[in-house]
Colleague: 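Got a structure for you, written out below as structure tokens; questions coming shortly.
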Amino acid sequence: MENFTFCSPTYFAFGDGQERQTGALVRRFGGTRVLLVYGGGSVRRNGAYDDAVSALRQADIPFWELSGVQPNPRSGKVYEGIDLCRREGVDFLLAVGGGSAIDTAKAIAVGVPYDGDFWDLYSGRAAEKSLPVGVVLTLAATGSEASDSSVITHEEGNRKWGNTKSDVYRPVFAVMNPHYTCTLPPYQTACGAADMLSHILERYFTPTDHVDVTDRLCEGLMQSILAAAPQALAHPDDYHARAELMWAGMLAHNNLCGVGRKQDWACHQMEHELSALCGCAHGAGLAALTPAWMTYVMDRDVTRFAQFAVRVFGCPMDFRHPEVTAREGIARLTAWLRSIGMPVTLGELGFPAEDIPAAVAHRRLKPNPFPFGTFAAIGPEDMEAILRLAAEPR
Ligand code: NZQ
Ligand code: ZN
């Protein structure tokens with residue numbers, strides 16, 4: 001195990017009715033003038049917006065609104081939000097929605113006190129300060145409600161880049177009422193499950209030895225997601241299945257499962273190029289890539305892949321031929337993703353194979369584009385080969 005520091009300062013108010021605390025929580029964390037950030041209208045339809053507004057009114061907290069945040073959120077809304085906050089003296093961001101609303105609120109929050117273009121903070125520079133961000137979560141997926149990350153697409157060149165990771169980005173509180181997620185369409189529910197699973201896999205496939213505690217946390221969490229997602233899809237109003245997914249999404253990405261080990265993140269790096277170019281949902285892009293990445297890198301540590309197959313999917317261990325067990329684990333994961341309605345090839349995702357070179361070239365816009373990944377270092381030829389593998393029928 002490697003040395004680590006771990007700070008997860010977010011205060012969680014989890015469960016039915018907890019949204020009534022929102023006003024008091026804003027006050028507790030210093031908010032006196034709030035910017036409410038949300039997306040294209042789902043939160044108005046499922047009551048989350050009305051609940052947040054009435055909680056703010058009851059606490060007598062003035063607020064302004066920034067609506068219309070798109071999935072794969074764009075820089076235009078961030079600039080708009082920074083201007084609005086500076087003009088109105090806003091001192092607190094409240095995101096109501098999923099990862100896109102939260103990531104936009106985070107970008108605004110670091111942008112307001114920064115003396116320069118907020119995009120610097122997504123191009124390699126570390127943020128030193130942030131306005132506090134609170135979250136009312138309506139989609140179990142990204143874990144942004146407690147993560148140190150935010151991902152924004154800059155309109156110029158469609159560059160979908162993440163911030164320089166820092167605890168400054170972690171929200172001060174997250175209100176998590178699983179009922180809000182009952183209105184999610186099946187596809188978004190499945191995308192969320194695929195994303196949280198990927199957040200665990202990116203940590204699980206590591207070159208670091210002696211990480212049994214976090215291995216077991218990862219394995220248990222993955223099994224819970226594998227069980228809860230089909231339940232939520234079969235019964236969208238099943239509060240308990242929604243609750244399991246909501247808490248799993250947070251645990252998958254606040255880094256509890258990732259401490260003390262090198263993390264990979266190759267699938268996420270490649271997926272961001274796909275969603276930048278084709279606008280796909282992040283979780284669907286990950287589902288289409290992950291089986292191909294696994295197949296491509298499996299030989300680096302067949303034992304770890306066999307461990308995944310045995311412990312997560314209950315595959316029998318073939319001691320003479322561990323690669324058979326390893327491949328069985330990949331096949332089971334692929335079948336599971338397909339069973340919840342996720343694409344498992346680029347074709348199913350709607351990403352044309354002829355655009356693969358463009359995805360590799362687009363990656364080169366980033367500072368230090370290659371290599372990425374720690375389980376296996378991925379150079380441009382590897383990225384192209386993995387995408388080609390992902391384009392094959394499976
Ligand atoms: O825009 P509205 O109308 O609100 O609709 C949204 C949107 O269309 C809808 N939705 C949200 N809650 C709903 C609902 N529909 C019905 N009922 C509800 N309760 O769902 C759609 C997708 O929302 P979005 O916020 O875009 O999804 P998600 O939470 O998956 O966020 C994806 C973004 O987060 C980034 C992704 O790359 C992507 O840009 N990520 C952020 C991370 C982080 N900050 O830590 C980590 C992730 O790896 C990821 O990269
Ligand atoms: Zn993700």
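For clarity, every value in this text was computed on a predicted model and none was experimentally measured. Worth knowing before you read on, the calculation uses all heavy atoms, side chains too, and leaves out hydrogens, waters and symmetry mates. Whatever order the structure lists them in is the order used to number ligands and atoms, beginning at 1.
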Colleague: Checking a contact table here: which protein heavy atom is nearest atom 26 (O) of ligand 1, and how many Å away?
Modeller: S100 OG, 2.5 Å
Colleague: Could you tell me whether R44 and E65 have a side-chain N and a carboxylate O separated by less than 4.0 Å?
Modeller: yes
Colleague: Looking only at heavy atoms, is any part of Y38 under 4.0 Å from ligand 1, and if so is it the side chain, the backbone, or both, or is it neither?
Modeller: neither
Colleague: Can you classify the ring geometry of W293 versus F205 as parallel (below 30°), tilted (30 to 60°) or perpendicular (above 60°)?
Modeller: perpendicular
Colleague: Return the closest protein heavy atom for atom 1 (O) of ligand 1 as residue, atom name and distance.
Modeller: G40 N, 2.8 Å
Colleague: When you measure from atom 49 (C) of ligand 1 to every protein heavy atom, which one gives the shortest distance, and what is it?
Modeller: H282 NE2, 3.3 Å
Colleague: Please state which part of Q70 comes within less than 4.0 Å of ligand 1, counting heavy atoms only: side chain, backbone, both or neither.
Modeller: neither
Colleague: Any idea which protein heavy atom is nearest atom 45 (O) of ligand 1, and the distance to it?
Modeller: S147 OG, 2.7 Å
Colleague: For P71, counting its heavy atoms only, list the atoms of ligand 1 lying under 4.0 Å from any of them.
Modeller: 7 (C), 8 (O), 26 (O)
Colleague: For atom 13 (C) of ligand 1, what's the nearest protein heavy-atom neighbour? Residue, atom name and distance, please.
Modeller: L184 CD2, 3.4 Å
Colleague: Without swapping roles, check the side chain of R394 against the backbone of P291 for a donor-acceptor pair under 3.5 Å.
Modeller: no
Colleague: What protein heavy atom sits nearest atom 29 (O) of ligand 1, and how far away is it?
Modeller: G99 N, 2.6 Å
Colleague: May I ask you to check if R28 and Y11 form a cation-pi contact, with NZ or CZ under 6.0 angstrom from the six-membered ring centre and within 45° of the axis?
Modeller: yes
Colleague: Considering distance alone, does some N or O of V43 sit under 3.5 Å from an N or O of ligand 1?
Modeller: no
Colleague: Would the distance check show the side chain of T153 and the main-chain N or O of K160 forming a donor-acceptor pair, the cut-off being under 3.5 Å?
Modeller: no
Colleague: Could you check whether any side-chain N or O of E348 sits under 3.5 Å from a backbone N or O of V344, counting only pairs where one atom can act as donor and the other as acceptor?
Modeller: yes
Colleague: With heavy-atom distances below 4.0 Å as the criterion, list the atoms of ligand 1 near H268.
Modeller: 48 (O)
Colleague: Using distance alone, determine whether G41 and ligand 1 share an N or O pair under 3.5 Å.
Modeller: yes
Colleague: If you count the atoms of ligand 1 from 1 in the order shown, which ones are under 4.0 Å from a heavy atom of T138?
Modeller: 11 (C), 12 (N), 13 (C), 18 (C), 19 (N)
Colleague: Are the side chain of E202 and the backbone N or O of H268 linked by a donor-acceptor pair below 3.5 Å?
Modeller: yes
Colleague: Below 2.8 Å, can you find an N, O or S atom of H282 next to the Zn ion (ligand 2)?
Modeller: yes
Colleague: Only heavy atoms of N72, strictly under 4.0 Å: list the atoms of ligand 1 that pass.
Modeller: 38 (C), 39 (O)
Colleague: Ligand 1 and R45, any nitrogen or oxygen pair closer than 3.5 angstrom?
Modeller: no
Colleague: Does the salt bridge (Lys or Arg N to Asp or Glu O under 4.0 Å) test come out yes or no for R242 and D238, once each step is laid out?
Modeller: CA-CA 6 Å; R242 294 292 187 183; D238 182 337; over 6 Å; no
Colleague: Would S144 count as being in polar contact with ligand 1, using the rule that some N or O on each side must be under 3.5 angstrom apart?
Modeller: yes
Colleague: Tell me the nearest of I152, T142, T183, L139 to atom 16 (C) of ligand 1, using heavy-atom distances.
Modeller: T183
Colleague: In the protein, which heavy atom is nearest to atom 44 (N) of ligand 1, and how far is it?
Modeller: D103 OD1, 2.7 Å
Colleague: Is a side-chain N or O of D264 found less than 3.5 angstrom from the main chain of T374, in a donor-acceptor match?
Modeller: yes
Colleague: Are D215 and R304 close enough for a salt bridge, meaning some N to O gap below 4.0 Å?
Modeller: yes
Colleague: Polar-atom distance check: H272 versus ligand 1, any N or O pair below 3.5 Å?
Modeller: yes
Colleague: I'd like to know if the side chain of T214 and the backbone of G258 have a donor-acceptor N/O pair within less than 3.5 Å.
Modeller: no
Colleague: For ligand 1, does E271 get within less than 4.0 Å through its side chain, its backbone, both, or neither, judged by non-hydrogen atoms?
Modeller: neither
Colleague: Look at the side chain of K106 and the backbone N and O of S149, then say whether any donor-acceptor pair between them is shorter than 3.5 Å.
Modeller: yes
Colleague: Does A140 offer a backbone N or O that forms a donor-acceptor pair with the side chain of T181 under 3.5 Å?
Modeller: no
Colleague: Give the single entry among E145, Q188, R170 that approaches atom 22 (C) of ligand 1 most closely by any heavy atom.
Modeller: Q188
Colleague: Students should be able to answer this: which protein heavy-atom is nearest to atom 10 (N) of ligand 1, and at what distance?
Modeller: S42 OG, 3.4 Å
Colleague: Distance under 4.0 Å to a non-hydrogen atom of G39: what atoms of ligand 1 satisfy this?
Modeller: 1 (O), 4 (O)
Colleague: Which ligand 1 atoms does N46 reach within 4.0 Å, using its non-hydrogen atoms?
Modeller: 18 (C), 19 (N)
Colleague: If you count the atoms of ligand 1 from 1 in the order shown, which ones are under 4.0 Å from a heavy atom of K160?
Modeller: 36 (C), 37 (O), 38 (C), 39 (O)
Colleague: Out of all atoms in ligand 1, which are within 4.0 Å of some heavy atom of S150? Include the element for each.
Modeller: 44 (N)
Colleague: Please determine whether residues L84 and F92 belong to a single hydrophobic cluster, defined as Ile, Leu, Val, Met, Phe, Trp and Tyr linked transitively by side-chain heavy-atom distances below 4.5 Å.
Modeller: no
Colleague: Quick one: does any side-chain atom of R159 pair with a main-chain N or O of A276 as donor and acceptor, under 3.5 Å?
Modeller: no
Colleague: Report yes or no: does P73 have a heavy atom closer than 4.0 Å to ligand 1?
Modeller: yes
Colleague: With a cut-off of 2.8 Å, does D195 put an N/O/S atom close enough to the Zn ion (ligand 2)?
Modeller: yes
Colleague: Are I200 and M294 in one and the same hydrophobic cluster, where Ile, Leu, Val, Met, Phe, Trp and Tyr link if side-chain heavy atoms are under 4.5 Å apart?
Modeller: yes
Colleague: Quick check against the 3.5 Å criterion: does R364 have a side-chain atom that pairs as donor or acceptor with the backbone of V360?
Modeller: no
